[in-house]
Amino acid sequence: MLGKSYEPQSKESLIYKKWEDNHCFKPKSDFSKSDDAENYTIIMPPPNITGQLHIGHALNNTTQDFLIRFKRMKGYNTLWIPGTDHASIATEVKIIDALKKEGLSKEKLGREEFLKRAWQWNDKYGGRIKLQLKSLGCSCDWDRCAFTMDEQRQKSVLSVFKQLYDEGYIYRGEKLINWCPTCKTALSDAEVEHVDENSSLWYIRYPYADKSGYLVVATTRPETMFGDVCVAVNPEDERYKDMIGKNVILPVINKEIPIIGDSYVEKDFGTGVVKITPAHDFNDFEVGKRHNFAPIKIMNLDGTMNENCGKYANFDRYECRKQLIEELKAQNLIEKIEPYRLPKATCYRCHSAIEPMMSKQWFMDMQDMAKLGLDAVDNQELEIVPQRVQKIYKNWLENIKDWCISRQLWWGHRIPAYYCKDCGNTMVELSAPKTCSKCGSQNIEQDPDVLDTWFSSALWPFSTLGYPEKTDDLKRFFPTSTLVTAQDIIFFWVARMVMMSKKIMGKTPFSKVLINGIVRDDEGKKMSKSSNNGVDPIEIIEKYGADSLRLSLLFGNGTGNDFRFSEEKILEDRKFINKVFNSGKFLELVLSQTYDTKLDKTKLNIFDKWIYTKLDEAINEINKLIDNLDVCQAVNKMYSFVWDDFCNYYLEFSKAYVYSDDQETRANACAILKDVYLNILKLLHPIIPFITEDIYSNFTGELLISQTYASSLGQFKKESEDVEKIISLIQKIRETRLSYDVLPSKRITLVLDKNNSKQEAIDIVENAKLVLSKMTNIEKVDVKENLGNDLVKFVSELGEFYFYKNELVDTAKEREKINKDLDKINAEIKILESRILNPNFVTRAPKELVEKEKSRYDYLLSSKNSLEEKLKNFN
RNA sequence: GGGAGAUUAGCGCAGUUGGUAGAGUACCUGCCUUACAAGCAGAGGGUCAUAGGUUCGAGUCCUAUAUCUCCCACCA
């Protein structure tokens, strides 16, 4: 029995458990190896274990679950692999924060203890994330749940690292890298965020060595002057070109450096003179390299100045700047200071200023890799939806630089590089070597650093399937089908997965990628921790149920577009779920009043044939839309099919039969209604799995999740068209009744002209009399030979119809209304005439369209005619 | 500095080969019609940001402009 109203809270977790207990989330091939159904595989973007899921995750995972459930019911061998990400730097930052509160630090704790803490953290938060996914209804295979740092994934990482090292793609070297002085680690380019900041442009005088005056250098980083190796001017710059080759004195430390010419310098910016600090600026590094200057490091890893800065050694970088400016001012070496807005590079985790530093790190050569990533898109091995994202993806790959993959952190995959302390030999091995491969020494230590967290994420499409082992899963499910993710990790993750998969597996990891938009709050602001406007899906689920949340996320939101989340929208959308529930209650009621239901699909009336045809069309259309990843339209279609076609029409039609006095008619009508309704539940299951499952099992005792769509009965074109005509007649009757202010409860007569009506119209109306009467409160239909003038005419697609004038209520406002309608029709007639009478249109436009317009024109003319006649009735 | 997206009914939004502007919600009218008032039946409301262009025909394609949002970026 269905309750008075649906209560999701009490049921959802039980339903989920039932699915799990019955192994519904597992691929069919787990039970029958010979199953040759086509595979449909999704790997879940692993959420960071740093926290809990927000609405953005809910959107992504609902979308994935929608796809998986739909494909599962379409008969595919579906696999959805869940998992979590260790999120190296993000987690480490969190744990350090937590330690701080206890008065502890990472160093005090030591590596081993620290890692213990990290694993505890994983247990706690990873667990909560899984719980959230389950409450959302995600039908992923938990037995295959992966963690980026579990044993299996460690093997994948080691294997890939070694292979790429052996092939020369991974190398170690001292280069200028992005250094976060707070996190005390190197970062990749992708991990640097640029924010505009108000600062100054300092104009500093560098005296000529020959004491003939000074050169003014404009800089945003005065404190880096200790690392200057030269100053540069544009060789084309008339002001300075004669100075090239002369020397200037670096103030404060009084060091002589040369003036060089390099076209990198813009004549028009600042003074046209640039100080070159190769060890602390990426551009300067290139300039320095071109002119063979050795970089001079001036900073320690914690952001303090080093011994190359004279008395400023050990000063914090900002304190140094402050005092240095004062000293220069005192020496009259500051020409001026201008306010200046500059993009500041910051750490994407702790948001402190990044310092470019010379440092020995591990890198991945990205030239060949990037090409693999570009090929995937260019050769259409990979389709990114929405298409515009493809440009962003390509642009990034086209400008990519080598990837710094080592991090000076503890929580992560330790780099499998071993150094011989005696001969300096480097060994990259899957397990720790006991002796040096070169000198045989046992004095060996492992690199203390770990890998960029995105290195392991990049392997996700095959590491989750068991790589490097040649597992059945890997054979069966790689490459996967669709990836659904958020746009902020296109570079971090999507691009790198594509490159790694192509490199390691030789194949693009998935054929389609759906990039969802950003989730905003009800004011349109991006949901983020800093704005504190994030919403926990669990809260919403507890309040409204998972189905409501899911529906609200999927319904009416353009695929790939940003999405505004509000509880108000949930309340609006939730009405649909109520509608589904109530139609179930209606079925239950009807069935309870019928002794016997026998489904005989050979005995379908035209309305049954119509709804089956509509259902078939809907499924086909939805299938197509889903293949194109047009989730929004697919859900729209489901919604309108169920509410408009099924609830508003079919259900009402069926009342004419399920309450029939004829037992056989009644039994079959009930059976068919039930069958159609169960199909509706199947159709909706991917959006609102819980309630549909609940109702389905109520009616059948079977599990809905494991059902497949019924094979089509075929399409009944003729009957469908007839019913469409009946529907438009119903609308016309209702409209006409209302226009004459006839109360809905008043039963009136529908009249047809026997001589002038098409036989088709008479037959259709005759056959649909019962339904017409139910839907429009028509008492009877008169087919008359001779029409008197006591009638009022109206027109539908089936032709002309009449009401008895004396059954209607006249009103004065009728004239007004008719005139208004006439105006509208005349306007459209004019538009159509401009077309139909235009020889260009008639000859160039498609024939069918011309035909369509012509018949529309005829219809309008007769409508006009009838309105004009009607108008006469009110004279 | 470069790039992308948005601009459609009061509101928040759909609109996939160019072919008479759509649903939801709000508002208005009438209905407590035995699934559902979280409902049913109707109605009103849009020069599809602006200006040009291509076309028989443009919300849809092209070119500018404006406003908003996002991404990328080494002008010291």
Side-chain angles (χ1 to χ4, degrees), chain A residues 2 5 194 201 217-221 224 232 264-266 268-277 281-287 340 342-343 345 356 386 388-389 391-392 395-396 399 487-488 490-491 517-518 520 522 524 526 555-564 566 568-569 571-590 624-625 628 630 632-633 636 639-640 643-644 647-648 651-652 655 659 730-731 734-735 737-739 741-745 774-777 817 828 831-832 834-835 838-846 849-850 852-853 856:
Chain A
L2 300 174
S5 63
H194 294 268
L201 192 56
V217 174
T219 180
T220 56
R221 303 280 324 260
T224 63
Y264 151 71
V265 182
E266 295 279 337
D268 301 330
F269 186 86
T271 58
V273 186
V274 186
K275 60 193 268 315
I276 301 297
T277 323
D281 183 283
F282 287 98
N283 288 315
D284 292 7
F285 182 79
E286 293 303 319
V287 177
Y340 188 69
L342 83 161
R388 60 187 146 82
V389 177
K391 279 186 235 166
I392 301 174
N395 184 267
W396 187 74
N399 295 295
Q487 58 188 36
D488 52 349
I490 295 169
F491 309 138
I518 298 171
R520 302 171 180 283
D522 48 8
K526 186 173 168 175
F555 180 61
N557 299 307
T559 308
N561 288 354
D562 286 2
F563 159 62
R564 207 175 271 214
S566 69
E568 211 177 316
K569 185 168 186 303
L571 289 172
E572 286 171 15
D573 296 344
R574 165 175 88 148
K575 294 178 180 178
F576 178 70
I577 297 175
N578 190 247
K579 190 78 180 169
V580 173
F581 182 76
N582 277 312
S583 45
K585 274 180 64 177
F586 172 69
L587 177 65
E588 191 177 51
L589 178 77
V590 165
K624 233 179 261 166
L625 289 165
N628 291 333
D630 198 341
C632 172
Q633 295 299 327
N636 257 332
Y639 186 100
S640 68
W643 199 314
D644 300 340
C647 289
N648 286 353
L651 215 61
E652 298 301 326
K655 285 178 185 172
Y659 290 133
I730 287 168
Q731 288 166 345
R734 285 170 169 169
E735 197 182 303
R737 285 183 64 124
L738 253 146
S739 79
D741 287 338
V742 181
L743 283 174
S745 55
K774 287 260 176 207
M775 305 287 281
T776 61
N777 215 5
K817 193 177 152 31
E828 201 182 333
I831 294 174
L832 282 177
S834 76
R835 260 184 225 168
N838 179 351
N840 277 328
F841 174 77
V842 177
T843 51
R844 295 195 201 182
L849 186 72
V850 176
K852 202 179 132 200
E853 300 284 56
R856 172 83 185 158

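Because the structure is predicted, anything quoted here is derived from the model rather than measured. Lettering of chains follows the sequences in order, A, B, ..., and the numbering in each one begins at 1.
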statement: Side-chain contact check for R564(A): nearest option of A38(B), G19(B), G12(B) is G12(B)
message: If we ignore hydrogens and angles and just use 3.5 Å, is the side chain of N628(A) paired with the main-chain N or O of D630(A) as donor and acceptor?
response: no
query: Of the candidate nucleotides A41(B), A38(B), G19(B), which contains the atom at the shortest distance from the side chain of A845(A)?
result: G19(B)
- prompt: Expressed in whole Å, how much space separates the P atoms belonging to C11(B) and U16(B)?
  reply: 23 Å
field: Whole-Å C1' distance, G39(B) and C32(B)
entry: 10 Å
message: Suppose you measure atom C1' in C48(B) against the same atom in G59(B); what distance do you get, rounded to whole Å?
response: 5 Å
- prompt: What about E652(A), does its side chain sit under 3.5 Å from the base of A35(B) through a donor-acceptor pair?
  reply: yes
- prompt: Atom CZ of R835(A) to atom P of G19(B): distance rounded to whole Å?
  reply: 11 Å
message: Taking the side chain as everything from C-beta on, heavy atoms only, tell me whether I490(A) gets closer than 4.5 Å to Q487(A).
response: yes
- prompt: For G15(B), does either OP1 or OP2 sit under 4.0 Å from a side-chain N or O belonging to Q633(A)?
  reply: yes
- line: Contact string for nucleotides 21-27 of chain B, one letter per nucleotide 5' to 3', B = base within protein heavy-atom range under 4.0 Å, S = sugar-phosphate only, - = neither, reads ---SS--
- request: Tell me what K624(A) touches on the nucleic acid: a base, only sugar-phosphate, or nothing, going by heavy atoms under 4.0 Å.
  value: nothing
Nearest-nucleotide pick for D630(A), side chain only, options being A41(B), A14(B), U16(B): U16(B)
- request: Would you state whether a donor and an acceptor, one from the side chain of K579(A) and one from the base of C36(B), lie under 3.5 Å apart?
  value: yes
- request: Return the set of residues passing salt bridge (Lys or Arg N to Asp or Glu O under 4.0 Å) with D562(A) (not counting sequence neighbours), or none when no residue passes.
  value: R520(A)
field: Residues forming a ring-ring contact (aromatic ring centres under 6.0 Å, His included) with Y639(A), sequence neighbours excluded
entry: F555(A), F576(A), W643(A)
- prompt: Does the pair K585(A) and E588(A) meet the rule for a salt bridge (Lys or Arg N to Asp or Glu O under 4.0 Å), with working shown?
  reply: CA-CA 5 Å; K585(A) 274 180 64 177; E588(A) 191 177 51; over 6 Å; no
- line: B/S/- along nucleotides 67-76 of chain B (protein heavy atoms under 4.0 Å) is --S--SSBBB
query: Using atom P of each nucleotide, how far apart are U60(B) and A64(B) to the nearest Å?
result: 16 Å
message: M775(A) and side-chain contact (heavy atoms from CB on, under 4.5 Å): which single residue from K655(A), Q731(A), R734(A) fits?
response: R734(A)
message: I need the CG-C1' distance between L651(A) and U33(B), as an integer number of Å.
response: 14 Å
- request: Rounded to the nearest angstrom, tell me the gap between atom CG in L738(A) and atom P in G42(B).
  value: 8 Å
- prompt: Expressed in whole Å, how much space separates the C1' atoms belonging to U54(B) and G18(B)?
  reply: 12 Å
- prompt: Taking atom types as modelled, is there a side-chain donor on N561(A) or N557(A) under 3.5 Å from an acceptor on the other?
  reply: no
field: Helical stems, RNA chain B - three or more consecutive Watson-Crick or G-U wobble pairs below 3.5 Å
entry: B:1-7 with B:66-72, B:28-31 with B:39-42, B:49-53 with B:61-65
- prompt: When the distance from CG of N777(A) to P of C31(B) is rounded to whole Å, what number comes out?
  reply: 14 Å
field: Interatomic distance where CD belongs to Q731(A) and P belongs to A41(B) [whole Å]
entry: 9 Å
query: If we take the P atom in both A21(B) and G44(B), what is their distance in whole Å?
result: 15 Å
query: Taking the C1' atom of each, how far is A6(B) from C74(B), in whole Å?
result: 30 Å
task: Name the nucleic acid region contacted by Y659(A), choosing base, sugar-phosphate or nothing; use a 4.0 angstrom heavy-atom cut-off, strictly under.
output: sugar-phosphate
- request: Using the test side chain to side chain donor-acceptor pair (under 3.5 Å), find all partners of S583(A) that sit at least two apart in sequence or belong to another chain.
  value: none
- prompt: How are the rings of F491(A) and W396(A) set relative to one another: parallel (under 30°), tilted (30 to 60°) or perpendicular (over 60°)?
  reply: parallel
message: Expressed as a whole number of angstroms, how long is the span from F563(A):CZ to C13(B):P?
response: 10 Å
task: Would you check if the side chain of N399(A) reaches a backbone N or O of N395(A) as a donor-acceptor pair within less than 3.5 Å?
output: yes
- request: Could you tell me whether the phosphate oxygens of A35(B), OP1 or OP2, come under 4.0 Å of any side-chain nitrogen or oxygen in K655(A)?
  value: yes
field: Whole-Å distance separating the NZ atom of K391(A) from the P atom of G2(B)
entry: 16 Å
statement: Comparing N582(A) with N840(A), nearest RNA chain B nucleotide closer to 5' gives the residue N582(A)
message: Measuring only the C1' atom in each nucleotide, how far is A58(B) from U8(B)? A whole number of Å is fine.
response: 14 Å
field: Nearest-Å distance for atom pair CD/P, residues E588(A) and U34(B)
entry: 19 Å
- request: Spell out, as yes or no, whether a donor-acceptor pair under 3.5 Å connects the side chain of R737(A) to the backbone of N777(A).
  value: yes
